[in-house]
Amino acid sequence: MGGARDVGWVAAGLVLAAGACYCIYRLTRGQRRGARRVGLRPSRSAEDLTNGSYDDILNAEQLQKLLYLLESTEDPVIIEKALVTLGNNAAFSANQVIIRELGGITIVGSQINNPNQSIKEKALNALNNLSVNVENQIKIKVDSSFLSLFDGHVAKEILVRVLTLFQNIDNCLKKEGRLALQPAFPEGSLFYLLYGDECAQKMRALVYHHDADVKEKVTMIPKF
Ligand SMILES: *[C@@H]1O[C@H](CO)[C@@H](O)[C@H](O)[C@H]1NC(C)=O
Ligand SMILES: *[C@@H]1O[C@H](CO)[C@@H](O)[C@H](O)[C@H]1NC(C)=O
Ligand SMILES: *[C@@H]1O[C@H](CO)[C@@H](O)[C@H](O)[C@H]1NC(C)=O
């Protein structure tokens with residue numbers, strides 16, 4: 001008799017144990033699943049963002065980290081990598097807006113003044129990708145020394161890129177019909193520099209540049 005009650009308790013105990021096991025199973029499985037989910041998108045440090053998979057599309061928080069890194073480091077290797085990553089991300093129109101809103105145009109633009117040619121190039125690449133957005137163009141304030149990049153003796157790699165920037169801007173303004181409204185460009189803006197007399201002179205000289213790629217770019221901006 002007592003035996004039957006004992007069996008009952010044992011059975012109840014088994015049910016409880018099974019329940020507990022199931023709960024523990026659910027908990028650990030949930031945790032493992034959660035861990036895997038976090039593992040897919042680990043929170044990466046700013047420097048990590050600059051290496052490996054450049055084709056990852058970064059979110060606003062990651063772009064901010066990257067811009068902060070760019071502002072705070074003097075290491076040319078890190079600056080260059082950060083600019084490449086930003087440039088690749090700037091190929092996406094949503095990111096063009098985010099980077100502008102984070103103040104990124106000025107941060108990237110300031111690297112054009114970097115004496116390191118390799119960094120200058122990457123900054124211009126990034127700016128070129130950012131410049132297909134009209135509102136971004138307005139934010140590019142690069143100063144009058146920017147025009148010195150249009151001199152004939154400037155390295156071809158740089159020349160081709162500044163001409164591409166000019167071309168992007170020219171195409172956008174034409175599409176908007178804003179070139180007809182000239183001369184409405186505010187002094188100090190990139191537009192004012194690019195459509196001013198000094199730049200026109202430089203462009204006319206570049207038509208005779210010895211490098212075919214440079215020549216071709218110049219003639220693709222039809223005004224000159
Ligand atoms: C990126 O570089 C960091 C060191 O800066 C390193 O710890 C990390 O493992 C690297 N990541 C990849 C994906 O190469
Ligand atoms: C220029 O930057 C490149 C790329 O980061 C770097 O490897 C090189 O050492 C730098 N050159 C100078 C003169 O600092
Ligand atoms: C700029 O965008 C193009 C695609 O539009 C992409 O191929 C390129 O890698 C991007 N980055 C740079 C640095 O040019």
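In each ligand, atom 1 is the first atom listed, and ligand 1 is the first ligand listed.
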Novice: Does anything in residues 103-117 pair up under salt bridge (Lys or Arg N to Asp or Glu O under 4.0 Å), and if so which pairs, sequence neighbours excluded?
Specialist: none
Novice: Let me know which protein residues bring a heavy atom to under 4.0 Å of ligand 2; chain then number is fine for ordering.
Specialist: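 Its neighbours under 4.0 Å (heavy atoms only) are Pro76, Val77, Glu80, Asn116, given by chain and number.
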Novice: Quick one: are the ring centres of Tyr195 and Phe166 less than 6.0 Å apart?
Specialist: yes
Novice: Consider only side-chain N and O atoms of Asn128 and Arg161, and report whether a donor and an acceptor are under 3.5 Å apart.
Specialist: no
Novice: Holding to side chain to side chain contact (heavy atoms under 4.5 Å, CB included), I want the full list of residues that pass it with Asp211, two or more places apart in sequence or in another chain.
Specialist: Lys156, His209, Asp213, Val214
Novice: Can you pull the salt bridge (Lys or Arg N to Asp or Glu O under 4.0 Å) pairs that have at least one residue in residues 101-117, sequence neighbours excluded?
Specialist: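 Output for this query is empty, none listed.
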Novice: Under a plain distance cut-off of 3.5 Å, with no hydrogens placed, do Gln111 and Lys120 share a side-chain donor-acceptor pair?
Specialist: no
